[in-house]
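Data block below; observations after.
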Amino acid sequence: MHALKITRAEDFPEWYQAIVREADMAELSPTRGCMIIKPWGYGIWERIQAELDRRIKESGHDNYYFPLLIPMGFIAKEADHVEGFAKEMAVVTHHRLKAVDGVLKPDPEAELAEPFIIRPTSETIIGDAFSRWVKSYRDLPLKLNQWANVMRWEMRTRMFLRTAEFLWQEGHTAHVDEADAMDETMLALEIYRSFSEDYLAMPVVAGEKPENERFPGAEKTFSIEAMMQDGKALQAGTSHYLGTHFSEAQNIRYQDKEGGQTLAHTTSWGVSTRLIGGVIMTHGDDDGLRTPPAIAPRQIVIVPMLRGKPEDEALKDYCAALAQELGALTAFGERVRAFVDTKDAKPADKRWDWVRRGAPIICEIGPRDAAGGQVSFIKRIALREGEKIKTHTLARADFVAAVQGLLDETQSALYAEAKARLEANISGEFNTFADLEAYFGADEDGGGFKGWARVSWSRPTGAALDKVVERLKALKLTIRNAPLGQPANYKPCIFTGAAGVEEILIARAY
RNA sequence: CGGGGUGUAGCUCAGCCUGGUAGAGCAUUAGCUUUGGGAGCUAAGGGUCGCGAGUUCGAAUCCCGCCGCCCCGACCA
């Protein structure tokens with residue numbers, strides 16, 4: 001009997017919805033396409049923010065905050081950019097409401113001369129600031145970041161993976177030349193890769209997006225791609241070299257050492273609350289989430305087996321003292337987050353709540369443990385032995401001494417499991433398009449697990465690339481990226497048979 | 001935005017075809033029992049049946065319109 005009513009094997013999308021609800025991470029709000037993020041979900045985001053913010057600052061970026069509303073004219077300045085975002089823009093057109101026949105409406109008298117858009121991303125408004133801030137080569141590089149909410153009017157939303165409003169971090173930088181901007185683009189990508197692997201225990205493949213998948217207005221787009229447990233790829237972060245597209249559109253020029261006016265080269269890069277969806281689909285099991293300890297809002301949860309009797313007080317004291325002792329330890333460079341769940345609820349219910357949330361270590365401490373100076377606990381990553389829940393018992397001092405190791409082991413085990421899955425399911429055994437069809441076309445409904453294909457291609461562009469995209473679409477496939485670390489030699493192009501020039505990953509994707 | 005499904009108690013759903021004034025399980029609350037682990041018994045509370053307009057003496061049920069959600073498609077930094 002699992003803690004979730006639905007298993008991954010039965011219905012992966014339903015299982016995903018169940019985990020978001022049952023782990024109490026988020027729920028839908030009355031606002032279409034938007035969610036209420038609850039403490040277990042938001043707490044994970046706070047851990048992500050704290051660590052990623054540290055890494056971003058360490059690499060020389062400062063935090064800024066730009067407005068939510070962007071003058072509509074700004075978005076029109078870069079042609080590809082407006083084309084990419086126009087269809088999903090929320091627009092603010094009025095500044096006042098008025099009751100007309102008892103119905104509240106935007107006051108026709110209060111229409112804005114120039115509407116605002118709610119930011120879908122901030123290249124344009126930040127570019128405008130750059131154009132004023134960048135005067136001399138001495139002002140460069142200019143490296144900033146902001147933590148913000150953005151809005152994209154998506155047709156189809158899924159909690160954490162694609163919502164109309166989401167939270168993210170967006171880095172924006174300006175540089176003297178392409179080489180410097182490309183260094184920055186790759187630096188950001190590497191921050192995302194290492195952060196995802198070290199901190200989220202989510203292995204990824206970093207690489208360059210094909211032309212058709214580039215960010216609107218970008219010269220080059222790079223991504224990190226993670227493999228979910230249904231085999232689909234999730235784009236978990238992107239880093240863009242924007243060339244001089246935005247500089248031209250917004251006049252970001254500096255006086256170089258020779259006294260000439262030169263266009264700056266800009267970059268942008270971001271990760272969002274989508275990472276949380278990735279964590280769920282990487283580490284969840286049929287009992288709920290298994291939260292990596294580094295991002296678990298509570299790493300050790302202590303459930304006292306309260307009985308509504310006088311001896312409860314002594315038991316609570318024992319648990320509080322244990323939590324305090326654990327809180328003095330450190331793990332992943334921070335204080336250990338221990339929590340005593342004293343809520344007036346049945347201990348068994350509390351246990352299963354924390355199992356579904358995926359607290360890494362759940363202690364269940366009864367009067368006999370307290371009297372004997374022991375700690376009984378379950379490990380979320382090794383919850384069962386056969387059908388039965390596996391309970392461990394250690395002397396209190398031994399448990400305290402073991403905690404850091406347990407958390408480290410949990411983090412490592414989650415990473416190792418996901419890494420093994422990723423590596424076992426990327427196949428280079430495809431030589432012709434027929435091979436792809438044989439594998440990916442086998443199930444018509446697209447429901448079964450399908451791994452990724454790593455294939456050589458001749459990197460067609462324009463109409464030839466469109467044709468490739470169409471052929472892949474028929475198999476519900478997309479090109480994810482061209483991984484960094486390319487081989488010395490290539491097989492013939494899987495699409496055309498021409499000489500291969502690059503290896504790419506092909507997969508079904510979110 | 002197209003195709004399909006769906007919307008009834010906090011959750012999962014029955015009732016709809018064949019109109020008669022709303023149900024089950026779980027959850028909640030109270031009491032009693034139980035206590036090394038997802039407990040039992042008894043009782044209670046809880047629903048404008050997604051919204052609106054029709055047909056009808058009477059609509060959860062039939063008709064029309066709208067909206068949300070889920071799946072597929074299109075779209076998706």
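In what follows, chains carry the letters A, B, and so on, assigned in the order in which the sequence lines appear, proteins first and then strands, with residues in each chain numbered from 1.
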Whole-Å C1' distance, B:C11 and B:G2
32 Å

Between protein and nucleic acid, restricted to nucleotides 37-43 of chain B and to nitrogen or oxygen atoms under 3.5 Å apart, what atom pairs and distances do you find?
from  : atom 1 : to     : atom 2 : distance (Å)
B:G37 : N2     : A:R307 : NH2    : 2.8
B:G38 : O4'    : A:W352 : NE1    : 3.2
B:G38 : N9     : A:W352 : NE1    : 3.2
B:G38 : O6     : A:M1   : O      : 3.2
B:G38 : O6     : A:H2   : O      : 3.4
B:G38 : N2     : A:R356 : NH1    : 3.3

Check A:V303, A:T391, A:I365 against A:S376 for a side-chain contact (heavy atoms from CB on, under 4.5 Å) and give me the one that passes.
A:T391

Complementary nucleotide for B:C26 - Watson-Crick or wobble, under 3.5 Å:
B:G10

Testing B:C72, B:C70, B:G68 for proximity to the side chain of A:R32, the answer is B:G68

Scan A:F166 against the nucleic acid and name what it touches under 4.0 Å (heavy atoms): base, sugar-phosphate only, or nothing.
base

pair A:L326-A:V375: side-chain heavy atoms closer than 4.5 Å:
no

Are A:K388 and A:E385 close enough for a salt bridge, meaning some N to O gap below 4.0 Å?
no

Using a heavy-atom cut-off of 4.0 Å across all strands, would you classify A:G33 as base, sugar-phosphate, or nothing?
sugar-phosphate

Please report the distance separating the C1' of B:A53 from the corresponding atom of B:U12, rounded so that it comes out in whole Å.
32 Å

Compare all side-chain heavy atoms of A:L505 with those of A:P483 and state whether any distance is below 4.5 angstrom.
yes

So which protein nitrogen or oxygen atoms get under 3.5 Å of nucleotides 74-76 of chain B's nitrogens or oxygens?
from  : atom 1 : to     : atom 2 : distance (Å)
B:C75 : OP2    : A:K473 : NZ     : 2.9
B:C76 : O2     : A:R162 : NE     : 2.8
B:C76 : O2     : A:R162 : NH1    : 3.0
B:C76 : O2     : A:R162 : NH2    : 2.2

Taking the P atom of each, how far is B:U42 from B:A27, in whole Å?
14 Å

If you look at every strand shown and take non-hydrogen atoms under 4.0 Å, does A:P120 touch a base, only sugar-phosphate, or nothing?
nothing

Under 4.0 Å, heavy atoms only, any strand: does A:S268 hit a base, just the sugar-phosphate, or nothing?
nothing

When we call it a touch if two heavy atoms are under 4.0 Å apart, what does A:T238 touch: a base, just sugar-phosphate, or nothing?
base

With a 4.0 Å cut-off, would you call A:D24 and A:R21 a salt bridge?
no

